[in-house]
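Notes for the one structure printed next.
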2 protein chains.
Amino acid sequence: MPSHTEENYLKAIYKLSEAQPGVEVSTNRIAEVLQTRPASVTDMLRRLGEKGLLHYERYRGVSLTHDGRRVALLTIRKHRLWEVFLVNKLGFNWDEVHDVAEEMEHLQSPLLIRRLDEFLGFPQLDPHGDPIPAEDGAIVRPQHRLVSDLQPGEEGTVMAVKNTSVPFLQYLDKAGLSLGAKIEVLDKVAFDNSLEIRINSNKVTLISNEISCNLFVAD
Amino acid sequence: MPSHTEENYLKAIYKLSEAQPGVEVSTNRIAEVLQTRPASVTDMLRRLGEKGLLHYERYRGVSLTHDGRRVALLTIRKHRLWEVFLVNKLGFNWDEVHDVAEEMEHLQSPLLIRRLDEFLGFPQLDPHGDPIPAEDGAIVRPQHRLVSDLQPGEEGTVMAVKNTSVPFLQYLDKAGLSLGAKIEVLDKVAFDNSLEIRINSNKVTLISNEISCNLFVAD
DNA sequence: TAATTTTCCTCGGTGTGACTGGGCACTTTG
DNA sequence: CAAAGTGCCCAGTCACACCGAGGAAAATTA
(Lines give C-alpha, C1' and ligand atoms only; values in the text may rest on other atoms or scores of the structure.)
Protein backbone atom coordinates (compact mmCIF):
# COMPACT_ATOMS: atom_id res chain seq x y z
CA MET A 1 0.00 0.00 0.00
CA PRO A 2 1.67 3.20 -1.18
CA SER A 3 1.76 6.23 1.10
CA HIS A 4 0.09 9.49 0.15
CA THR A 5 3.40 10.96 -0.84
CA GLU A 6 4.33 7.97 -2.95
CA GLU A 7 1.02 8.20 -4.77
CA ASN A 8 1.68 11.87 -5.42
CA TYR A 9 5.14 11.19 -6.81
CA LEU A 10 3.87 8.43 -9.08
CA LYS A 11 1.03 10.59 -10.32
CA ALA A 12 3.38 13.46 -11.04
CA ILE A 13 5.82 11.19 -12.88
CA TYR A 14 3.00 9.68 -14.92
CA LYS A 15 1.70 13.08 -15.90
CA LEU A 16 5.15 14.36 -16.82
CA SER A 17 5.84 11.34 -18.98
CA GLU A 18 2.48 11.73 -20.70
CA ALA A 19 3.04 15.42 -21.30
CA GLN A 20 6.17 14.74 -23.32
CA PRO A 21 6.20 11.12 -24.46
CA GLY A 22 9.67 9.91 -25.28
CA VAL A 23 11.40 12.54 -23.20
CA GLU A 24 12.67 11.03 -19.97
CA VAL A 25 11.38 12.49 -16.76
CA SER A 26 14.08 14.42 -14.93
CA THR A 27 14.69 14.84 -11.24
CA ASN A 28 14.55 18.61 -11.52
CA ARG A 29 11.18 18.58 -13.28
CA ILE A 30 9.70 16.35 -10.62
CA ALA A 31 11.09 18.56 -7.87
CA GLU A 32 9.58 21.55 -9.62
CA VAL A 33 6.04 20.23 -9.97
CA LEU A 34 6.03 18.75 -6.48
CA GLN A 35 7.46 21.91 -4.92
CA THR A 36 10.38 20.17 -3.29
CA ARG A 37 14.16 19.78 -3.67
CA PRO A 38 15.97 17.55 -6.13
CA ALA A 39 17.67 15.81 -3.20
CA SER A 40 14.27 14.78 -1.84
CA VAL A 41 13.27 13.51 -5.24
CA THR A 42 16.38 11.36 -5.59
CA ASP A 43 15.61 9.93 -2.20
CA MET A 44 12.05 9.02 -3.13
CA LEU A 45 13.05 7.68 -6.54
CA ARG A 46 15.43 5.26 -4.90
CA ARG A 47 12.67 4.04 -2.59
CA LEU A 48 10.11 3.72 -5.35
CA GLY A 49 12.70 1.90 -7.42
CA GLU A 50 13.33 -0.58 -4.63
CA LYS A 51 9.60 -1.16 -4.37
CA GLY A 52 9.47 -2.01 -8.04
CA LEU A 53 7.26 0.92 -8.95
CA LEU A 54 9.68 2.54 -11.35
CA HIS A 55 12.90 1.93 -13.24
CA TYR A 56 15.53 4.00 -11.59
CA GLU A 57 19.09 4.09 -12.80
CA ARG A 58 21.14 7.03 -11.64
CA TYR A 59 21.62 9.85 -14.12
CA ARG A 60 19.25 8.01 -16.47
CA GLY A 61 15.91 9.65 -15.86
CA VAL A 62 13.06 7.53 -14.73
CA SER A 63 10.15 5.52 -16.11
CA LEU A 64 7.28 3.80 -14.40
CA THR A 65 7.04 0.03 -14.24
CA HIS A 66 3.77 -1.69 -14.97
CA ASP A 67 2.97 -1.62 -11.26
CA GLY A 68 3.94 2.02 -10.86
CA ARG A 69 1.78 2.96 -13.80
CA ARG A 70 -1.12 1.06 -12.26
CA VAL A 71 -0.79 2.95 -8.99
CA ALA A 72 -0.55 6.27 -10.83
CA LEU A 73 -3.60 5.54 -12.96
CA LEU A 74 -5.58 4.28 -10.01
CA THR A 75 -4.77 7.46 -8.12
CA ILE A 76 -5.86 9.56 -11.09
CA ARG A 77 -9.01 7.45 -11.37
CA LYS A 78 -9.86 8.08 -7.74
CA HIS A 79 -9.14 11.78 -8.05
CA ARG A 80 -11.34 12.23 -11.07
CA LEU A 81 -14.22 10.13 -9.76
CA TRP A 82 -14.30 12.18 -6.59
CA GLU A 83 -14.28 15.35 -8.68
CA VAL A 84 -17.33 14.10 -10.53
CA PHE A 85 -18.98 13.31 -7.22
CA LEU A 86 -18.24 16.74 -5.81
CA VAL A 87 -19.61 18.55 -8.86
CA ASN A 88 -22.53 16.33 -9.85
CA LYS A 89 -23.75 15.30 -6.43
CA LEU A 90 -22.60 17.86 -3.92
CA GLY A 91 -22.98 20.92 -6.11
CA PHE A 92 -19.39 22.11 -6.08
CA ASN A 93 -18.19 24.37 -8.89
CA TRP A 94 -15.47 23.03 -11.15
CA ASP A 95 -13.03 25.49 -9.67
CA GLU A 96 -13.60 24.31 -6.09
CA VAL A 97 -12.94 20.62 -6.40
CA HIS A 98 -9.24 20.19 -6.96
CA ASP A 99 -7.92 20.52 -3.43
CA VAL A 100 -10.66 18.44 -1.89
CA ALA A 101 -10.21 15.68 -4.47
CA GLU A 102 -6.48 15.83 -3.83
CA GLU A 103 -7.25 14.69 -0.31
CA MET A 104 -9.92 12.16 -1.25
CA GLU A 105 -7.81 10.44 -3.90
CA HIS A 106 -5.79 8.78 -1.14
CA LEU A 107 -8.70 6.80 0.29
CA GLN A 108 -7.74 3.19 -0.18
CA SER A 109 -10.87 1.04 -0.22
CA PRO A 110 -11.26 -0.51 -3.69
CA LEU A 111 -14.87 -1.41 -2.91
CA LEU A 112 -15.59 2.24 -2.16
CA ILE A 113 -14.28 3.32 -5.53
CA ARG A 114 -16.16 0.62 -7.39
CA ARG A 115 -19.43 1.56 -5.70
CA LEU A 116 -18.76 5.25 -6.24
CA ASP A 117 -18.17 4.66 -9.94
CA GLU A 118 -21.48 2.82 -10.15
CA PHE A 119 -23.29 5.50 -8.15
CA LEU A 120 -22.04 8.15 -10.54
CA GLY A 121 -23.19 6.14 -13.55
CA PHE A 122 -19.71 5.13 -14.76
CA PRO A 123 -18.69 8.59 -15.96
CA GLN A 124 -16.07 8.78 -18.70
CA LEU A 125 -14.86 12.32 -18.07
CA ASP A 126 -14.22 14.44 -15.02
CA PRO A 127 -15.58 18.00 -14.68
CA HIS A 128 -12.54 19.38 -16.50
CA GLY A 129 -13.01 17.05 -19.47
CA ASP A 130 -10.21 14.65 -18.53
CA PRO A 131 -10.81 10.95 -19.10
CA ILE A 132 -11.30 8.67 -16.09
CA PRO A 133 -9.10 5.57 -16.18
CA ALA A 134 -10.93 2.24 -15.84
CA GLU A 135 -10.38 -0.06 -12.90
CA ASP A 136 -7.77 -2.00 -14.86
CA GLY A 137 -5.93 1.21 -15.74
CA ALA A 138 -7.24 1.52 -19.28
CA ILE A 139 -7.52 5.12 -20.33
CA VAL A 140 -8.80 6.59 -23.56
CA ARG A 141 -6.58 9.24 -24.94
CA PRO A 142 -8.89 12.06 -25.98
CA GLN A 143 -8.68 13.44 -29.48
CA HIS A 144 -8.29 17.06 -28.60
CA ARG A 145 -6.48 19.98 -30.13
CA LEU A 146 -5.25 23.02 -28.31
CA VAL A 147 -7.10 26.18 -29.18
CA SER A 148 -3.69 27.74 -29.74
CA ASP A 149 -3.21 25.37 -32.69
CA LEU A 150 -6.36 26.55 -34.45
CA GLN A 151 -5.98 28.80 -37.47
CA PRO A 152 -8.33 31.65 -38.35
CA GLY A 153 -11.44 30.18 -39.93
CA GLU A 154 -11.32 27.00 -37.86
CA GLU A 155 -13.78 26.21 -35.11
CA GLY A 156 -14.41 23.69 -32.37
CA THR A 157 -16.19 22.85 -29.16
CA VAL A 158 -14.48 23.25 -25.79
CA MET A 159 -13.86 19.74 -24.49
CA ALA A 160 -11.31 20.02 -21.71
CA VAL A 161 -8.91 22.26 -19.85
CA LYS A 162 -5.23 21.63 -19.36
CA ASN A 163 -4.92 23.80 -16.29
CA THR A 164 -7.29 23.41 -13.36
CA SER A 165 -6.26 26.38 -11.27
CA VAL A 166 -8.99 28.42 -9.66
CA PRO A 167 -8.21 31.72 -11.44
CA PHE A 168 -8.15 30.05 -14.86
CA LEU A 169 -11.45 28.24 -14.35
CA GLN A 170 -13.09 31.35 -12.98
CA TYR A 171 -11.89 33.30 -15.99
CA LEU A 172 -13.42 30.71 -18.29
CA ASP A 173 -16.74 30.86 -16.45
CA LYS A 174 -16.80 34.61 -16.74
CA ALA A 175 -15.87 34.51 -20.42
CA GLY A 176 -18.56 31.94 -21.22
CA LEU A 177 -15.93 29.37 -22.14
CA SER A 178 -17.18 26.40 -20.13
CA LEU A 179 -17.12 22.87 -21.52
CA GLY A 180 -19.41 22.64 -24.52
CA ALA A 181 -18.92 26.22 -25.67
CA LYS A 182 -18.43 26.68 -29.40
CA ILE A 183 -15.40 28.64 -30.54
CA GLU A 184 -14.72 30.16 -33.95
CA VAL A 185 -11.30 31.63 -34.50
CA LEU A 186 -11.68 34.87 -36.39
CA ASP A 187 -8.16 36.25 -36.31
CA LYS A 188 -4.73 35.66 -34.85
CA VAL A 189 -2.40 38.44 -33.71
CA ALA A 190 1.02 37.49 -35.00
CA PHE A 191 2.88 39.49 -32.35
CA ASP A 192 1.67 37.66 -29.24
CA ASN A 193 -0.41 34.86 -30.72
CA SER A 194 -3.55 36.08 -29.05
CA LEU A 195 -6.76 35.05 -30.78
CA GLU A 196 -9.95 36.84 -31.68
CA ILE A 197 -12.72 34.33 -31.21
CA ARG A 198 -16.50 34.18 -31.40
CA ILE A 199 -18.12 32.27 -28.56
CA ASN A 200 -21.33 30.32 -29.16
CA SER A 201 -21.97 32.21 -32.40
CA ASN A 202 -22.43 35.26 -30.28
CA LYS A 203 -19.91 37.38 -28.39
CA VAL A 204 -16.52 38.18 -29.91
CA THR A 205 -13.52 38.30 -27.55
CA LEU A 206 -9.78 38.35 -27.54
CA ILE A 207 -8.00 35.60 -25.64
CA SER A 208 -4.30 35.49 -24.86
CA ASN A 209 -1.94 32.76 -25.93
CA GLU A 210 -1.66 31.79 -22.27
CA ILE A 211 -5.37 30.99 -22.34
CA SER A 212 -5.51 29.25 -25.70
CA CYS A 213 -2.60 27.00 -24.72
CA ASN A 214 -4.67 25.63 -21.86
CA LEU A 215 -7.94 24.98 -23.67
CA PHE A 216 -8.76 21.88 -25.69
CA VAL A 217 -11.35 21.71 -28.43
CA ALA A 218 -12.69 18.99 -30.72
CA ASP A 219 -14.69 19.29 -33.90
CA MET B 1 -5.09 20.80 12.30
CA PRO B 2 -5.01 17.58 14.31
CA SER B 3 -3.34 14.48 12.85
CA HIS B 4 -5.30 11.31 12.19
CA THR B 5 -3.93 9.76 15.33
CA GLU B 6 -4.79 12.76 17.44
CA GLU B 7 -8.35 12.67 16.14
CA ASN B 8 -8.54 9.00 17.04
CA TYR B 9 -7.31 9.61 20.57
CA LEU B 10 -9.74 12.45 21.11
CA LYS B 11 -12.62 10.41 19.76
CA ALA B 12 -11.73 7.49 21.99
CA ILE B 13 -11.44 9.72 25.05
CA TYR B 14 -14.76 11.35 24.28
CA LYS B 15 -16.48 8.00 23.91
CA LEU B 16 -14.96 6.66 27.11
CA SER B 17 -16.03 9.70 29.08
CA GLU B 18 -19.54 9.45 27.65
CA ALA B 19 -19.74 5.76 28.43
CA GLN B 20 -19.23 6.38 32.14
CA PRO B 21 -19.95 10.03 32.93
CA GLY B 22 -18.26 11.15 36.08
CA VAL B 23 -15.66 8.42 36.01
CA GLU B 24 -12.35 9.83 34.87
CA VAL B 25 -10.79 8.36 31.77
CA SER B 26 -7.72 6.31 32.61
CA THR B 27 -4.54 5.80 30.66
CA ASN B 28 -4.98 2.05 30.70
CA ARG B 29 -8.51 2.20 29.31
CA ILE B 30 -7.38 4.42 26.47
CA ALA B 31 -4.49 2.10 25.71
CA GLU B 32 -6.90 -0.80 25.68
CA VAL B 33 -9.43 0.61 23.25
CA LEU B 34 -6.73 2.00 20.97
CA GLN B 35 -4.75 -1.22 21.02
CA THR B 36 -1.57 0.39 22.17
CA ARG B 37 0.62 0.66 25.30
CA PRO B 38 0.10 2.93 28.27
CA ALA B 39 3.47 4.55 27.64
CA SER B 40 2.32 5.62 24.18
CA VAL B 41 -0.88 7.00 25.64
CA THR B 42 0.94 9.07 28.26
CA ASP B 43 3.07 10.43 25.46
CA MET B 44 0.09 11.47 23.39
CA LEU B 45 -1.80 12.86 26.39
CA ARG B 46 1.08 15.18 27.13
CA ARG B 47 1.08 16.41 23.54
CA LEU B 48 -2.68 16.88 23.42
CA GLY B 49 -2.48 18.67 26.75
CA GLU B 50 0.14 21.06 25.42
CA LYS B 51 -2.09 21.76 22.43
CA GLY B 52 -4.92 22.69 24.77
CA LEU B 53 -7.15 19.85 23.65
CA LEU B 54 -7.44 18.21 27.04
CA HIS B 55 -6.74 18.75 30.71
CA TYR B 56 -3.86 16.54 31.63
CA GLU B 57 -2.46 16.32 35.11
CA ARG B 58 -0.37 13.29 35.89
CA TYR B 59 -2.08 10.50 37.80
CA ARG B 60 -5.30 12.51 37.57
CA GLY B 61 -7.06 10.98 34.64
CA VAL B 62 -7.98 13.19 31.76
CA SER B 63 -10.85 15.32 30.48
CA LEU B 64 -11.37 17.09 27.20
CA THR B 65 -11.27 20.86 26.96
CA HIS B 66 -13.90 22.69 24.98
CA ASP B 67 -11.62 22.56 21.95
CA GLY B 68 -10.82 18.89 22.37
CA ARG B 69 -14.48 18.08 22.67
CA ARG B 70 -15.15 20.02 19.50
CA VAL B 71 -12.54 18.06 17.58
CA ALA B 72 -13.89 14.77 18.94
CA LEU B 73 -17.47 15.62 18.06
CA LEU B 74 -16.52 16.88 14.64
CA THR B 75 -14.67 13.64 13.97
CA ILE B 76 -17.68 11.63 15.10
CA ARG B 77 -19.90 13.82 12.93
CA LYS B 78 -17.75 13.15 9.90
CA HIS B 79 -17.60 9.43 10.61
CA ARG B 80 -21.35 9.09 10.94
CA LEU B 81 -22.21 11.24 7.95
CA TRP B 82 -19.94 9.14 5.77
CA GLU B 83 -21.57 6.01 7.14
CA VAL B 84 -24.95 7.35 6.07
CA PHE B 85 -23.52 8.14 2.67
CA LEU B 86 -22.07 4.68 2.26
CA VAL B 87 -25.30 2.94 3.22
CA ASN B 88 -27.92 5.23 1.71
CA LYS B 89 -26.13 6.27 -1.46
CA LEU B 90 -23.55 3.64 -2.27
CA GLY B 91 -25.54 0.62 -1.15
CA PHE B 92 -23.17 -0.67 1.52
CA ASN B 93 -24.53 -2.90 4.26
CA TRP B 94 -24.41 -1.60 7.80
CA ASP B 95 -21.75 -4.15 8.65
CA GLU B 96 -19.42 -3.01 5.86
CA VAL B 97 -19.12 0.67 6.58
CA HIS B 98 -17.10 1.02 9.75
CA ASP B 99 -13.58 0.61 8.40
CA VAL B 100 -14.16 2.74 5.34
CA ALA B 101 -15.73 5.51 7.41
CA GLU B 102 -12.80 5.26 9.78
CA GLU B 103 -10.64 6.38 6.90
CA MET B 104 -13.04 8.99 5.54
CA GLU B 105 -13.57 10.69 8.89
CA HIS B 106 -10.14 12.24 8.61
CA LEU B 107 -10.94 14.27 5.51
CA GLN B 108 -10.55 17.87 6.56
CA SER B 109 -12.60 20.11 4.27
CA PRO B 110 -15.42 21.73 6.27
CA LEU B 111 -17.18 22.70 3.06
CA LEU B 112 -17.20 19.06 1.99
CA ILE B 113 -18.90 17.98 5.19
CA ARG B 114 -21.45 20.75 5.05
CA ARG B 115 -22.38 19.88 1.46
CA LEU B 116 -22.44 16.19 2.27
CA ASP B 117 -24.81 16.81 5.16
CA GLU B 118 -27.11 18.73 2.84
CA PHE B 119 -26.87 16.08 0.13
CA LEU B 120 -27.91 13.42 2.62
CA GLY B 121 -30.87 15.51 3.77
CA PHE B 122 -29.44 16.44 7.18
CA PRO B 123 -29.76 12.98 8.70
CA GLN B 124 -30.10 12.77 12.48
CA LEU B 125 -28.94 9.18 12.93
CA ASP B 126 -26.28 6.99 11.38
CA PRO B 127 -27.00 3.48 10.10
CA HIS B 128 -26.41 2.05 13.57
CA GLY B 129 -28.87 4.42 15.21
CA ASP B 130 -26.27 6.75 16.70
CA PRO B 131 -26.99 10.48 16.65
CA ILE B 132 -25.00 12.71 14.33
CA PRO B 133 -23.53 15.78 16.06
CA ALA B 134 -24.40 19.14 14.49
CA GLU B 135 -21.77 21.38 12.98
CA ASP B 136 -21.47 23.28 16.27
CA GLY B 137 -21.01 20.05 18.20
CA ALA B 138 -24.54 19.83 19.54
CA ILE B 139 -25.61 16.24 19.97
CA VAL B 140 -28.92 14.86 21.12
CA ARG B 141 -28.59 12.17 23.69
CA PRO B 142 -30.95 9.44 22.60
CA GLN B 143 -33.49 8.09 25.08
CA HIS B 144 -32.64 4.45 24.77
CA ARG B 145 -32.66 1.51 27.11
CA LEU B 146 -30.55 -1.57 26.82
CA VAL B 147 -32.50 -4.69 25.99
CA SER B 148 -30.69 -6.29 28.91
CA ASP B 149 -32.55 -3.91 31.22
CA LEU B 150 -35.98 -5.00 30.03
CA GLN B 151 -38.03 -7.21 32.29
CA PRO B 152 -40.30 -10.00 31.08
CA GLY B 153 -43.51 -8.47 29.80
CA GLU B 154 -41.81 -5.31 28.54
CA GLU B 155 -41.34 -4.51 24.87
CA GLY B 156 -39.64 -2.01 22.61
CA THR B 157 -38.41 -1.19 19.16
CA VAL B 158 -34.75 -1.67 18.23
CA MET B 159 -33.29 1.81 17.85
CA ALA B 160 -29.53 1.44 17.92
CA VAL B 161 -26.60 -0.87 18.49
CA LYS B 162 -23.79 -0.33 20.95
CA ASN B 163 -21.31 -2.54 19.14
CA THR B 164 -20.67 -2.15 15.43
CA SER B 165 -18.49 -5.15 14.80
CA VAL B 166 -19.12 -7.16 11.68
CA PRO B 167 -20.03 -10.44 13.43
CA PHE B 168 -22.51 -8.73 15.73
CA LEU B 169 -24.26 -6.87 12.93
CA GLN B 170 -24.39 -9.96 10.77
CA TYR B 171 -25.90 -11.89 13.65
CA LEU B 172 -28.58 -9.23 14.04
CA ASP B 173 -29.38 -9.34 10.33
CA LYS B 174 -29.72 -13.10 10.46
CA ALA B 175 -31.87 -12.97 13.59
CA GLY B 176 -34.17 -10.33 12.10
CA LEU B 177 -33.09 -7.79 14.69
CA SER B 178 -32.37 -4.83 12.44
CA LEU B 179 -33.28 -1.28 13.43
CA GLY B 180 -37.03 -0.97 13.70
CA ALA B 181 -37.66 -4.54 14.80
CA LYS B 182 -40.15 -4.97 17.63
CA ILE B 183 -39.03 -6.97 20.64
CA GLU B 184 -41.20 -8.46 23.40
CA VAL B 185 -39.37 -10.00 26.31
CA LEU B 186 -41.12 -13.20 27.27
CA ASP B 187 -38.76 -14.63 29.84
CA LYS B 188 -35.40 -14.13 31.47
CA VAL B 189 -33.06 -16.95 32.47
CA ALA B 190 -31.77 -16.03 35.88
CA PHE B 191 -28.62 -18.12 35.55
CA ASP B 192 -27.00 -16.31 32.59
CA ASN B 193 -29.43 -13.45 32.00
CA SER B 194 -30.27 -14.64 28.52
CA LEU B 195 -33.67 -13.54 27.27
CA GLU B 196 -36.46 -15.25 25.45
CA ILE B 197 -37.91 -12.70 23.06
CA ARG B 198 -40.52 -12.47 20.37
CA ILE B 199 -39.40 -10.57 17.29
CA ASN B 200 -41.93 -8.55 15.28
CA SER B 201 -44.83 -10.41 16.93
CA ASN B 202 -43.60 -13.46 15.18
CA LYS B 203 -40.58 -15.65 15.80
CA VAL B 204 -39.51 -16.50 19.35
CA THR B 205 -35.77 -16.71 20.04
CA LEU B 206 -33.30 -16.82 22.85
CA ILE B 207 -30.63 -14.14 22.95
CA SER B 208 -27.61 -14.10 25.22
CA ASN B 209 -26.78 -11.39 27.71
CA GLU B 210 -23.84 -10.47 25.49
CA ILE B 211 -26.32 -9.62 22.76
CA SER B 212 -28.90 -7.84 24.88
CA CYS B 213 -26.19 -5.65 26.44
CA ASN B 214 -25.38 -4.28 22.98
CA LEU B 215 -28.88 -3.56 21.72
CA PHE B 216 -30.87 -0.42 22.45
CA VAL B 217 -34.64 -0.15 22.32
CA ALA B 218 -37.18 2.61 22.85
CA ASP B 219 -40.90 2.39 23.44
C1' DT C 1 -1.74 2.95 59.21
C1' DA C 2 1.30 -0.15 56.93
C1' DA C 3 1.87 -3.27 53.30
C1' DT C 4 0.71 -4.57 48.97
C1' DT C 5 -1.06 -4.02 44.54
C1' DT C 6 -2.20 -1.34 40.74
C1' DT C 7 -1.67 2.43 37.95
C1' DC C 8 0.90 5.22 35.17
C1' DC C 9 4.73 8.59 34.56
C1' DT C 10 9.43 9.33 32.98
C1' DC C 11 13.32 8.25 30.61
C1' DG C 12 15.77 6.78 26.99
C1' DG C 13 15.42 4.84 22.88
C1' DT C 14 13.45 2.77 18.25
C1' DG C 15 11.64 3.11 13.60
C1' DT C 16 9.66 5.35 9.68
C1' DG C 17 8.75 8.79 6.39
C1' DA C 18 9.95 12.81 4.33
C1' DC C 19 12.90 16.56 3.61
C1' DT C 20 17.45 19.16 2.91
C1' DG C 21 22.36 21.53 2.09
C1' DG C 22 26.66 20.79 0.34
C1' DG C 23 30.09 18.48 -2.09
C1' DC C 24 31.15 15.80 -5.76
C1' DA C 25 30.27 12.69 -9.85
C1' DC C 26 28.41 12.37 -14.14
C1' DT C 27 26.50 14.22 -18.72
C1' DT C 28 25.78 17.42 -21.99
C1' DT C 29 27.01 21.22 -24.67
C1' DG C 30 29.86 24.36 -26.94
C1' DC D 1 38.13 18.90 -23.94
C1' DA D 2 36.45 22.27 -20.72
C1' DA D 3 32.62 24.50 -18.76
C1' DA D 4 28.02 24.33 -17.44
C1' DG D 5 24.35 22.02 -15.93
C1' DT D 6 22.24 18.10 -13.75
C1' DG D 7 21.69 14.72 -10.39
C1' DC D 8 23.64 11.62 -6.79
C1' DC D 9 25.16 10.74 -2.20
C1' DC D 10 26.09 11.71 2.44
C1' DA D 11 24.97 13.05 6.75
C1' DG D 12 21.87 15.12 9.17
C1' DT D 13 17.18 17.15 10.65
C1' DC D 14 12.48 17.04 12.03
C1' DA D 15 8.01 15.20 13.16
C1' DC D 16 5.29 11.52 14.52
C1' DA D 17 4.18 7.50 16.80
C1' DC D 18 5.55 3.79 19.39
C1' DC D 19 7.63 1.12 23.35
C1' DG D 20 10.19 -1.39 27.65
C1' DA D 21 11.82 -0.79 32.07
C1' DG D 22 11.97 1.08 36.43
C1' DG D 23 10.37 3.61 39.85
C1' DA D 24 6.87 7.07 41.74
C1' DA D 25 2.25 7.82 43.04
C1' DA D 26 -2.26 6.28 44.23
C1' DA D 27 -5.50 2.91 45.53
C1' DT D 28 -6.57 -1.06 47.95
C1' DT D 29 -6.29 -4.27 51.42
C1' DA D 30 -4.92 -6.08 55.66
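A note on names: the letters A, B, ... follow the listed sequences, proteins ahead of strands, and every chain is numbered from 1.
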Length of the [atom1]-[atom2] vector between [X] and [N], whole Å:
X      : N       : atom1 : atom2 : result
Q35(B) : dC19(D) : CD    : P     : 10 Å
N8(B)  : dC18(D) : CG    : C1'   : 15 Å
M44(A) : dT20(C) : CE    : C1'   : 14 Å
Y56(B) : dA25(D) : OH    : P     : 13 Å
R46(A) : dG17(C) : CZ    : P     : 11 Å
E7(B)  : dC16(D) : CD    : C1'   : 15 Å
R47(B) : dA17(D) : CZ    : C1'   : 6 Å
E57(B) : dA24(D) : CD    : C1'   : 16 Å

Considering just the side-chain nitrogens and oxygens of [X], establish if one lies under 4.0 Å of OP1 or OP2 belonging to [N].
X      : N       : value
T5(B)  : dC16(D) : no
Y59(B) : dA27(D) : no
R60(B) : dC9(C)  : no
R58(A) : dA25(C) : no
T27(A) : dC8(D)  : yes
Y9(A)  : dG17(C) : no

Candidate nucleotides [options], ranked by approach to the side chain of [X] - the nearest:
X      : options                   : value
S3(A)  : dG23(D), dC19(C), dG17(C) : dG17(C)
R37(A) : dC9(D), dC19(D), dT20(C)  : dT20(C)
S26(A) : dC16(D), dG7(D), dC19(C)  : dG7(D)
A39(A) : dC9(D), dA17(D), dG20(D)  : dC9(D)

Contact class for T42(B) vs. all strands (heavy atom < 4.0 Å): base, sugar-phosphate, or nothing?
base

Indicate, yes or no, whether a donor-acceptor pair under 3.5 Å links the base of dC8(C) to the side chain of N28(B).
no

Trace of the side chain to side chain contact (heavy atoms under 4.5 Å, CB included) decision for E102(B) with K11(B):
CA-CA 11 Å; E102(B) 204 67 21; K11(B) 200 175 67 162; 3.1 Å; yes

How are the rings of F85(A) and W82(A) set relative to one another: parallel (under 30°), tilted (30 to 60°) or perpendicular (over 60°)?
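Rings of F85(A) and W82(A): perpendicular, as their planes differ by over 60°.
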
Answer whether the closest heavy-atom distance between the side chains of L177(B) and I183(B) falls below 4.5 Å.
yes

So does M1(A) get a backbone contact from the side chain of Q108(A), meaning a donor-acceptor N/O pair under 3.5 Å?
no

Hey, which of these two, D43(A) or D43(B), hits DNA chain C nearer its 5' end, going by closest nucleotide?
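Whichever sits nearer the 5' end wins; that is D43(B).
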
Other residues, nucleotides, ligands: >12 heavy atoms within 6.0 Å of E210(B) CD
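At most 12 heavy atoms, drawn from other residues, nucleotides or ligands, come within 6.0 Å of this atom.
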
Q20(A) side, atom CD; K15(A) side, atom NZ - distance, nearest 0.5 Å
15.0 Å

